[in-house]
Structures are given as C-alpha cells and as structure tokens.
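A, B, ... follow the sequence lines: proteins, then strands. Residue 1 opens every chain.
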Amino acid sequence: MSSSSPPAGAASAAISASEKVDGFTRKSVRKAQRQKRSQGSSQFRSQGSQAELHPLPQLKDATSNEQQDLFCQKLQQCCILFDFMDSVSDLKSKEIKRATLNELVEYVSTNRGVIVESAYSDIVKMISANIFRTLPPSDNPDFDPEEDEPTLEASWPHIQLVYEFFLRFLESPDFQPSIAKRYIDQKFVQQLLELFDSEDPRERDFLKTVLHRIYGKFLGLRAFIRKQINNIFLSSNYLTLPLPFFPSSIINGFALPLKAEHKQFLMKVLIPMHTAKGLALFHAQLAYCVVQFLEKDTTLTEPVIRGLLKFWPKTCSQKEVMFLGEIEEILDVIEPTQFKKIEEPLFKQISKCVSSSHFQVAERALYFWNNEYILSLIEENIDKILPIMFASLYKISKEHWNPTIVALVYNVLKTLMEMNGKLFDDLTSSYKAERQREKKKELEREELWKKLEELKLKKALEKQNSAYNMHSILSNTSAE
Amino acid sequence: MAGASGLGTGPGAAGGDGDDSLYPIAVLIDELRNEDVQLRLNSIKKLSTIALALGVERTRSELLPFLTDTIYDEDEVLLALAEQLGNFTGLVGGPDFAHCLLPPLENLATVEETVVRDKAVESLRQISQEHTPVALEAYFVPLVKRLASGDWFTSRTSACSLFSVCYPRASNAVKAEIRQQFRSLCSDDTPMVRRAAASKLGEFAKVLELDSVKSEIVPLFTNLASDEQDSVRLLAVEACVSIAQLLSQDDLETLVMPTLRQAVEDKSWRVRYMVADKFSELQKAMGPKITLNDLIPAFQNLLKDCEAEVRAAAAHKVKELGENLPIEDRETIIMNQILPYIKELVSDTNPHVKSALASVIMGLSTILGKENTIEHLLPLFLAQLKDECPEVRLNIISNLDCVNEVIGIRQLSQSLLPAIVELAEDAKWRVRLAIIEYMPLLAGQLGVEFFDEKLNSLCMAWLVDHVYAIREAATNNLMKLVQKFGTEWAQNTIVPKVLVMANDPNYLHRMTTLFCINALSEACGQEITTKQMLPIVLKMAGDQVANVRFNVAKSLQKIGPILDTNALQGEVKPVLQKLGQDEDMDVKYFAQEAISVLALA
C-alpha cells in the first residue's frame, strides 16, 4: 500500500484485500446456485394424491362417429393436474397426459372440421384448468430480468403443450370467434393477464402471442383488453415488475384521428414507462411505439418530447444513451414546424448531454451532427440553437478528458461555424463576458437569500419577543 | 404566469426598510423558476422564507396563484412543494385563510407520480384540521367531491384518503353525500381506486356512526373482500381489524366472520399472508370467544400453509398469539393446539420459516413456565441451535434472555457453545458480525468464568479477522466486555493480548491494537492507559507504514484527555511534534489536528 493513501483508504483496502479470502458468496456465485430453480403452482401443492390416468385409444384409430366423443374425453382427461415439484410421483400418468396433449395438438392442426360447436366448452375448460393457477411467491422479490435467472415453471412439459394447443385452436381456420366468445370472455382475459406475473420467459412469450391472437379475433374484447393493460401498467410502479409485453401491433391498428383514449395511453403510460428500471430490455420496442404514435399524429411531438425531457435520467448514463437514441429516432420523423416548438428545451438538454463527463453520453449526443436531416433542421434554426449549444461546446473543446470527444466537438464547432460565422464570432468574443455575468448573477442570488434568511430570523425574534411581552404582561397583571 | 406581472425590477431595487414588501415578487418567482432544477428545488424548499418576505396578503394574492400554475414541473420539485404547503397556514394569515392553500394542493393531488400525490394528500389532511367547520363545508368538501369525480384515476385515489378527515365535522346532509361518494369509489372501474378505497375503509369506518358502519361499511367490506383482484382483497383484511373493533360480538359473528373465514382460505397466498401478518390485531379485535372457535383453527391452517411465505408470517406471530390469549387458558391452548404445529415447523424445509420461528419461539417459555419449557421447548431450542441455517441459530442465541429468566441459561450452555463457536467461524462475515453483537449479552448471562474458559479466545480471534467490519466490531465488543467485567479483568486477560499485536508483521493488525486502545482506554482508566497503553502507542509512532503513524496521531488525540499533564507534555507532545513533520501529508494532518485539539501547541 502506498504510504500516502488517504485515511479512508486503509479501511477499504482492508476489505477488498480480504474479500478474496472471505467465503461470503458474491452475487455471481449466488446466481449460479439459483439457476436451477423452478416453481410449481401454488394452489396445487395442497391437493391430495391424483387419480391415475388410463390411456384412451388413439384418435386416428377411432371411427369418425366416435372421434368427437373421444376428443372430448381426452380433453377432460387433460384437465387433471400433476405435481411436477415431485419429480418421481405419477410418472406413468404424467407421460399419458403428455402424449395425449401432443395428440390433441396434432389433431386440431392437421384435421379440418374437428372444432365443432359442442367442443368449445371442453376445450376452454381444459385450457383454463391447466394454465390458470395462482402463481407462488417469487423467490426473488427484486427480480431483475436483465441480471437474474428467472424461476422456471415446473409443470412446463404439460403447460407448454397446452399453450401450443391453445394457439393452434385460435389459429385454426375452423375457429369461430362468435361461438368462442361465450367462453373466452372478460373474466378469461383477466385471468390470462394475471399470468404475466410469471417469471418464466417461455410462458411470457406464449402469453404474448395468445393475447395478440385474442385481440385480433375478438373485436368485442379489444376495449376491455386495452383497459386492463392500462391498469396493469398504471398500477405496477415499473420498478419491480418486468413489463408484460408490448402493444406495438395494437397501436398500429389505431384508426385516425387518434381517440383521446389512445393519446392518454401514450402520455400517461408509455412516456412514464421510460422511468422503468429494466428499460434496457424493452426500450427499442417502446421507442418504436412512440415513433408510431408520432407518425400517426405529428401534433403529439411537442408533448412527447417535453415528457421525455421531464423524465430525463439524472444518474443512469446507460439510460441517457437510450433516451438520446429515442430522441434521434423522433427527430428523424419530425416536421420542421414541430421542431421549432421544442428546439429550445430540447437543445438545452442536448447541450447538457454533450458536456457529460461520461464519454458515451457525450458521444451519442454529438453523433446527432452526423445525421443529415437533423443537420438541416439545425441549420434552418441556427440563430436559436447556436447560442444554446455554444457555451458547452466551447468549454468541453478545451476541458473534456476524452480525446475522441474533443475531436468530435471540434468537428461540430466547425460545422456550426460554417452555418453562421458571424454569430459564431460574436459568441466567441462575448464568451468571457457571459461567464462573468453568470458569476455576478450567482453572487446576487446568494446575497438575496442571505437577506431573506436575515429577515426570517428577525421575524422569528420579533415573534418571540412579542410572546415574551405577552407573557410578562400576563404575569404582571396576575401579580397585581 | 400569474403573479409575475409587471414587477420586473432587479434585485438591486430592494429597499432596506425591512417592511413586508421588501422584495419584489418577480425576483422571488425568478428563483422559483430558475432553469437549474437544483436551484429551483432549493428555492421551493425555502418557500416559507419567501412567503415571509412577501407577507400574508401578497402570499395569498400573488405567490399562491403562481404556485397553482407550476404543476408542470419535475416531480422532485412538486414533492417539495406539496410538503411545504402543509405547513403554510400561518404564512397565509392563519386558519381563516387556510382554504387559500387548497387550489395548488388540489392540482398536486392529481399528478401522475404517486409520491407527490401522497404528499399532497398528507398536506391536505393536515390543513383540513385547520379549517373552521364553515370553511370545511364551503371549500374543503367541494374539493373532495371534485377529486372523487375526477376523470383520471389519480384524483379519485387521492379522494379516498380525504373522506375520513372531513366527515366528523360535516353536517348530516353533507355526511350522507360523503358516504355516497365513498361507496361509489369502492366499486370503481379501476383496481387502483378500489385499492385506495379498501386501504382507507377501516379509517373511514372509525369516524362513521355505528348504524352506518353496519348498514354501509360492512357490505362494502364484503364486496372488496371478494374483489376479482387479490391486491384489493388483501387490503380488505386490514380493514377487517378496524371494523371489528367497532362491532359487538354478535354482530362480528354474523357480519364479519363469514368474510374473514373466506380470506383464510383464499386461493391467493397474498391474502392468506395478510391474514397471518395481521393475526395479532385480528385476535385482539375479535375477542377471546371468536379467537378460540375460529381463529385458532385458522392459525393452525396458516402454520401448515402450502406457501412458505404464509407459514413464515404465521410463525412470526406465535409468541404474540400466546400473549394475547386469556391468562387462565393460555397454557392449555398453546400446549394442545399450537405446539404440535410448532414442532413440525422446527424441521420445515424453508429456512425463512425456521428462522421466523426461531426469532419468537423463546418467548413462549415465559408463557408456558419452567416445567413445560424444559420438557417441550428445550428440545426444540436445541434442535434449532443445530440447524443448518446460521440465521436460525443466530435468532435463538439472540433471544436467550427470555429463557434465561425462566430456566436459566445453564441448561443450554452445553449445546450453546458448539453453536456459538460454529457461528463465530462462519464463512459469511455478516453472520460473524451478528454473533459478535450478542457477545456482551452472552457474557453477562454465562458469567466471567465460563466466558474466560470458552469464549475469550474467540473474542481475541475476531481481532485478526480478515474483514475490517469484524475487527471493528470485535474492538467494540472488548469495550463492552470491560464495562461488564471490570478493569482488573481487562488488565489481566485482554490488555496484554491486545498489546502484543503491536509487533505483528501485518500492519492491519498493528492498527487493530490502536483501535482497541481507542476503545478501551476510557473504560480502563488513567492508570492502565498511562502505564501500559501509552508506551506502546508512542513506540508505534516510528512505524514504517504511514497508515499506522497517522492512526497513532488519532489515538493520541483520543486518549489524551485521559492522561495527566506530565505525560501529555513530556511524552505525547514531542511525539506529535515529530509526526507533525512527517513526510506523509495525512500523518502531518492528523498530528497537527491532535496538537490543536489537545492544546499542545
């Protein structure tokens, strides 16, 4: 250890040196242990032992008269659930159910005319019995989808096939929403949405597809689904819950002019969603959704950009880079008239980013000047933008620690100078005076607050005195 | 923006007369509007100063309108604003004008960000108390109504918290309206609002007339408790406690119990968890008869629930359950109806459950008395002391005092020792840290003899642990032991061992000697400090590692006040002066600091 280490160095060095020998498991180690976790459904562990399954004849061997009956029998058989946390119990029955489910998937996808009206009830019953379950508590309440390994669903060997069957059923050419809507109703959708709490990414993928199919086929449920999704988004604080899925295809279907409900979704759900902890996971999709909105209605540009500026990341540089990326995507499609409305606040933020000491943030912001369309917008509004950007650029061209940034800034300054040399010269010559003016303002502010504090003290004192006077008057009168 | 009109004079224009209009509002508002968020935030936090400078009238007529319009700011600023306004009544002219504060707070109570909204609601609740009954009906109640019928859910959730503060002082007609509005929010379209209503149901019930509780609150409670969303149902459990406190035994049986029974068997573990978590409150509110007939069987179910979370929450309540039972039946109920389940939990598969149980199980010994404890509980304690999970063992050890009072700790000491030794050497430093913290307590209960024989070596071993936090805790531990066992003990057993470490080749261990001296000198007193410790400290001033040297300076500063003037002037001063000339800047700094603190300059 160097002999000139600061006082705090002693303690911290001691810890870091000893961490190597200490047995305290680091996060990575703990994670490795976690990887194999799986969970079963909550409700079902309390159930007693299961009825044993007996194999039914194959559907393909049955006559067409019997097939329908057999189909329903098999559906009913698949309603029985097994405990997958106990890997040795009911092995035979589990295998029978797996084979039956496989057979059912195949049956509905290769045969035509098998999804008859009378089967709908049994089909939906079988699906509900298997996938709708109370999810057990998460082992890791601070689940971070980027970092942590998800808990996997133990009964996946069965559930996966049920989801597959469900999809084939929904996608079958024989499928008739007008009959299915009796069974696939609001309550069904509600339960489906609750499953998005599942940490298992395989299940979440299936759910996403299923929900999209339902949204596509059941016109009567659309408004309800949108409302429920809204509620999920609005009641989770986005900090702990990874987001269920993205409604970009839903947005795509919005008719013009946009309804108030849809604009509300943009401003009250999508924009605040940028504050989510796991933003990195879905930012690309989110930005795509936002841009879709702007392409449909350009007048939303101003509120969207103001919204993003309001939620601009303060400490997370990684997110700041994402925000800058999104801003560029928006600028790519912005109309010049809209640009004028937000150029001032926007470029104030960009000027802060450009001078960020985190070089990736600064670099990302400076890359805007490589974009031809943005460049043309800047050029059109150079009188407004140059004064906002000048001070930061000028300062970091001299001070930034990272040579790449300095080089980029130099290029940007050159470009700006070429756009309006006269203004550039004026700003250069008034730079110092500006700084001094700012310093003076700073002093004035301090002075003002000092005076205000004095006034406050004085008032407090007056109050005390008057209370004291009152007190002495009272005590005098009582003495008399 | 309002308020900023016309008065655009610079700060230089401020006169020096010291009257209320000293500062032009434009200057102050400029501060509140500064481009830099941090400066804006600072200004908002000193809003009371600004209001003071403006005086009550201009605060009302100019500042508040401006603030009402500023809700498009960053949430952090809004939060500070919402908080400030709660204490603003005096600054707008007292209770007669409290209603002036409502418009900005109403806006804040509707924003998206929950933290801001909650703070605004808190401030509104505070201010509501300052309203006169007339002002309450004229200004506050209409505000609540507006919020309750707002389009966006945020304003309706805020309204839920405000009913109970205005209800008691409202007239009968208004009361009926308030009840009506609360009712409709309980069946709101969005789960967010129903949640807010459910969480305030208990509080609202408390301010209602008993008849209304029975005729209106109970049906709402029943509905919310069977809501489709479990996050709403679980809040109803909380409300159940408050409602139960208001009703008679007969009413409880018919009006509340059916719903509670349902909650105990809810399909969502979250709801069952809530019942377990609120169990003591429920038990108190329901009274002994229902407890015996209904709650004890329910509790048994919770203790063997299929979810570990629920079992752990129930296990936590075992001791309180016992304490809240009527004294005459306690022992039998626990022995016959609860203990069998507890025995199962001792070997639960989930460490959280076991550790929850271990944190309270010792408390049962006072309830069950000496014989039962020895016969039934002791085997459980011993089993838990050998548990594979360190947290379980720690929890048992940390509660030893409860058992000590009933059967004495000797019964346990044979099993205790291996458990302590194992924890003391646990691979996780946090476990080691935790056991160190119980050392003084254990030492007190086991006595000096047992301690010297079995535990002293452990305490010394911690001093050379490779984790700094452990060495630090070990140092503090020694100080507490000296306070318990006295200076003579210190002189004979601890001090020599500590001082030997001053010659250790590892500089971290040499520093530990200094840290120990810092901690022990006061407890040991002047004589030991001067004769035994000081020479060692002074000798270490020549150490080759700078970190040791500046810690010498720090130690001298620390023990200086205990020494007499001779030692200070004759021995300490020259050494500090020498260190003051050290080549290392940190050593120099701390030496000079010590010289000035000890007034040796």
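A 6.0 Å sphere centred on CZ of A/Phe188 holds more than 12 heavy atoms belonging to other residues, nucleotides or ligands. Atom CG of B/Asp151 sits in a sparse spot, with 12 or fewer heavy atoms from other residues, nucleotides or ligands closer than 6.0 Å. Applying the 6.0 Å contact sphere to NE2 of A/His262 captures more than 12 heavy atoms from other residues, nucleotides or ligands.
Residue B/Ser48 touches chain A through its side chain alone, counting heavy-atom pairs closer than 4.5 Å. With a 4.5 Å cut-off on non-hydrogen atoms, A/Lys314 touches chain B through its side chain but not through its backbone. Using a 4.5 Å cut-off between heavy atoms, A/Glu194 contacts chain B through its side chain alone, with no backbone atom that close. For a residue to count as touching a neighbouring chain, one of its non-hydrogen atoms must lie under 4.5 Å from one of that chain's; by this rule A/Glu447 does not touch chain B. Both the backbone and the side chain of B/Lys46 come within contact range of chain A, judged by heavy atoms closer than 4.5 Å. Heavy-atom distances place the side chain of A/Gln264, and not its backbone, under 4.5 Å from chain B. Contacts between B/Asn34 and chain A at a heavy-atom distance below 4.5 Å involve the side chain alone, from C-beta outward. Residue contact with chain B, scored on non-hydrogen atoms closer than 4.5 Å, involves the side chain of A/Lys227 exclusively. For chain A, the nearby parts of B/Glu228 are the backbone and the side chain; heavy atoms of each come within less than 4.5 Å.
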From CA spacing to verdict: salt bridge (Lys or Arg N to Asp or Glu O under 4.0 Å), B/Glu74, A/Lys310
CA-CA 6 Å; B/Glu74 297 215 15; A/Lys310 180 176 169 183; over 6 Å; no
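Expressed to the nearest 0.5 Å, how far CG of B/Asp36 lies from NZ of A/Lys352 amounts to 7.0 Å. Put simply, CH2 on A/Trp449 and CD1 on B/Ile50 are 4.0 Å apart, with the number rounded to the nearest 0.5 Å. How far CE of B/Met192 is from CG of A/Asn231: 4.0 Å, rounded to the nearest 0.5 Å.
With sequence neighbours excluded, the residues forming a side chain to side chain contact (heavy atoms under 4.5 Å, CB included) with A/Arg437 are A/Glu434, listed by chain and number. Judged as a ring-ring contact (aromatic ring centres under 6.0 Å, His included), and not counting sequence neighbours, B/Tyr273 has no contacts.
Here the side chain of B/Trp269 pairs no donor or acceptor atom with the backbone of A/Thr134 at under 3.5 angstrom.
Here B/Asp75 is the residue among B/Val37, B/Thr114, B/Asp75 with the most heavy-atom pairs under 4.5 Å with chain A.
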